[in-house]
Amino acid sequence: MPDALTTSEANHAVLVETEIQAVNEDVNEVHPLTISLCTWYAKCRRDLPWRKTRDPYPIWLSEVILQQTRVDQGLAYWERFLEEFPRVEDLARADSERVMKLWQGLGYYSRARNVHKAAQAVAAAGGRFPSCASELCDLPGVGPYTAAAVASICYNEPVAAVDGNVIRVVSRLLDLELPVDRAPGRGAIEGLAQAMVDRNDPGTSNQAMMELGAMVCSPKAPKCSDCPVASGCLAAARGTALERPVKHTRTRVENVHFTFALHLHPSGDQVWMERRPAGGIWGELWSLPFTETPDEPQKNGLEAKSWGPFKHELSHRRITASCHLSEQGVEGASGRWVDFEDVGEYALHRLMERMWEQIGPEIAGKR
DNA sequence: AACCCGGGGAT
DNA sequence: ATCCCAGGGTT
């Protein structure tokens, strides 16, 4: 560290000082960085449909859909859900299979099950959502982030909504060297995030932080020259933005092989499908039955037909799949015979969709 | 605290 | 090829 602070570092010290005073003395004081941030947000924010309402139902639905999911991918799902279920009561009494089908392709399918359960809880309470963040947290699938987002946007509750974007923004503002996925680092992030909440309009300042992370303070190519809070950013001053946030956990990818079995009904126009158990991979989605094998299974040469390999990448697994026509009997209460032309009506995982795209026409054409 | 859960786009 | 996303639940 140089003896003299750079201008940006001096600025930063002043801003942190201001933040402490704001908390201790005047709850109506707005953090200077927040003022710059919200001015930028008012001008540059994306025109997203869930920003046109403060009704907790569509807001909550958007927040859950957008967990670990990009706007471009989630937007169409949000629209389809609201078109089919305009009110939370409509979602509550929907058929579970239909909810899963609407969620198909979005991933993290426990979100769909929890969305359904939470809607039923809200409907049972007269259609009113819990009215503060701590009570929102009691809903299935609603954690600290989603509760804070809904409470700040819908109820003006001054609580920071700290998601991946905010973690990145704040870790750069502070040039935080502590890992953000450990308690001390996380605490430092929460501290500044909470201090930057505009108590007069917490929903706006929260969304401005997230918008900044999404549009300017991006992971790989941050646009510091366009950033409204660059003057208060230590990482920008030191040129360490690309090194933030520091993370302790490393995602390790495991190679696995899934062997799928294609059982054909003697009638010649049905296939055996199974519903995946909740909790595991692709929980409650429909699939051809499969087993996980450590390596590529050796072909025995006796099989009538096989397909693949299909490659499927998940965040933590690299799946190589093959599908084999099976002559063995089927077992298990979780399955049923499905007409070839009805397979597409079921909620399928992505790999199943892609396999069926190849297998379906081939076996249907052989009849 | 560690681990699990999908999918896809940006780089 | 790598990273990581508008996280939450379970153990």
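Proteins get letters first, then strands, A, B, ... in listed order; numbering begins at 1 in each. These values consider heavy atoms only, across backbone and side chains, with no hydrogens, waters or symmetry-generated copies.
- C/dG8 and B/dG9: their C1' atoms are spaced 23 Å apart (whole Å).
- Residue A/R111 places no side-chain N or O under 4.0 Å from the OP1 or OP2 atom of C/dG8.
- Taking 4.0 angstrom as the limit, A/T69 places none of its side-chain polar atoms (N or O) nearer than this to OP1 or OP2 of B/dG7.
- In terms of position on DNA chain B, the residue among A/L348 and A/P184 whose nearest nucleotide sits closer to the 5' end is A/P184.
- Using a 4.0 Å heavy-atom cutoff across all strands shown, A/G105 reaches sugar-phosphate atoms only and no base atom.
- Within the 4.0 Å cut-off from OP1 or OP2 of B/dG6, not a single side-chain nitrogen or oxygen of A/H312 is found.
- Residue A/L285 is out of contact with every strand shown, counting any heavy-atom pair closer than 4.0 Å.
- For C/dA6, the base has a donor-acceptor partner in the side chain of A/R51 [N/O atoms by modelled type, under 3.5 angstrom].
- Proximity of A/W282 to the phosphate of B/dG7: a side-chain N or O atom is located under 4.0 Å from OP1 or OP2.
- In plain terms, the two heavy atoms of A/P228 and A/S36 that are nearest each other are O-CB, 3.5 Å.
- Side-chain contact annotation: A/W286 with A/E97, donor-acceptor N/O pair under 3.5 Å present.
- Note on A/R70: a base of the nucleic acid sits closer than 4.0 angstrom, heavy atoms only.
- Across all strands, A/W78 comes closer than 4.0 Å to no nucleic acid atom at all (heavy-atom distances).
- Residue contacts for A/V71: at a heavy-atom cut-off of 4.0 Å it reaches no nucleic acid atom on any strand shown.
- A/S287 and A/H349 are linked by a side-chain donor-acceptor pair at a separation below 3.5 angstrom, with hydrogens and angles left out of the test.
- Residue-level contact check: A/S218 touches neither bases nor backbone, having no heavy atom under 4.0 Å from any strand.
- Separating the CG atom of A/L212 from the P atom of C/dA6 is a distance of 12 Å, rounded to the nearest angstrom.
- Rounded to a whole Å, the CD atom of A/E63 is 9 Å from the P atom of C/dG7.
- Listed for the A/Q67 side chain is no donor-acceptor partner under 3.5 Å among the backbone atoms of A/S62.
- Summarising the geometry of A/I189 relative to A/S171, their closest heavy-atom pair is CD1-N, 3.7 Å, with the distance given to 0.1 Å.
- Considering only side-chain N and O atoms, A/K117 lies nowhere under 4.0 angstrom from the phosphate OP1 or OP2 of C/dG8.
- Residues that satisfy the ring pair (Phe, Tyr, Trp, His ring centres under 6.0 Å) test with A/W40, not counting sequence neighbours, are absent from this structure.
- Considering only side-chain atoms of A/I281, the nucleotide from C/dC5, C/dG8, B/dG6 that sits closest is B/dG6.
- If you measure from atom NZ of A/K223 to atom P of B/dA10, you get 11 Å, rounded to the nearest angstrom.
- Distances from the side chain of A/K247 to the nucleotides C/dC5, C/dA6, C/dG8 place C/dC5 closest.
- Atom name P, nucleotides C/dA6 and B/dC5: the rounded distance is 22 Å, in whole Å.
- At whole-Å resolution of the value, NZ in A/K220 and P in C/dT2 are 11 Å apart.
- Proximity of A/Y108 to the phosphate of C/dG9: no side-chain N or O atom is located under 4.0 Å from OP1 or OP2.
- Protein atom CD1 of A/I319 is 12 Å distant from nucleotide atom P of B/dG8, rounded to whole Å.
- Within the nucleic acid shown, A/G280 comes within 4.0 Å of sugar-phosphate atoms alone, with no base atom in reach, counting heavy atoms only.
- Looking at heavy-atom distances under 4.0 Å, A/A183 makes contact with sugar-phosphate atoms alone, never a base.
- Atom-to-atom, CG of A/L351 to P of B/dG8 comes out at 11 Å; the value is rounded to the nearest Å.
- For the pair A/W103 CH2 and B/dC5 C1', the computed distance is 13 Å after rounding to whole Å.
- Using a 4.0 Å heavy-atom criterion, one finds that A/L106 contacts the bases of the nucleic acid, with or without backbone contacts as well.
- Taking side-chain N and O atoms only, A/R182 has a distance below 4.0 Å to OP1 or OP2 of B/dA2.
- Counting to the nearest Å, the P atom of C/dG9 and the CD atom of A/Q68 are 13 Å from each other.
- Summarising the geometry of A/H263 relative to A/P289, their closest heavy-atom pair is CD2-CG, 3.9 Å, with the distance given to 0.1 Å.
- If you take atom C1' in B/dG8 and the same atom in C/dG9, they sit 23 Å apart, rounded to whole Å.
- Among the atoms of the strands shown, only primed sugar atoms or phosphate atoms (P, OP1, OP2) are found under 4.0 Å from some heavy atom of A/Q73.
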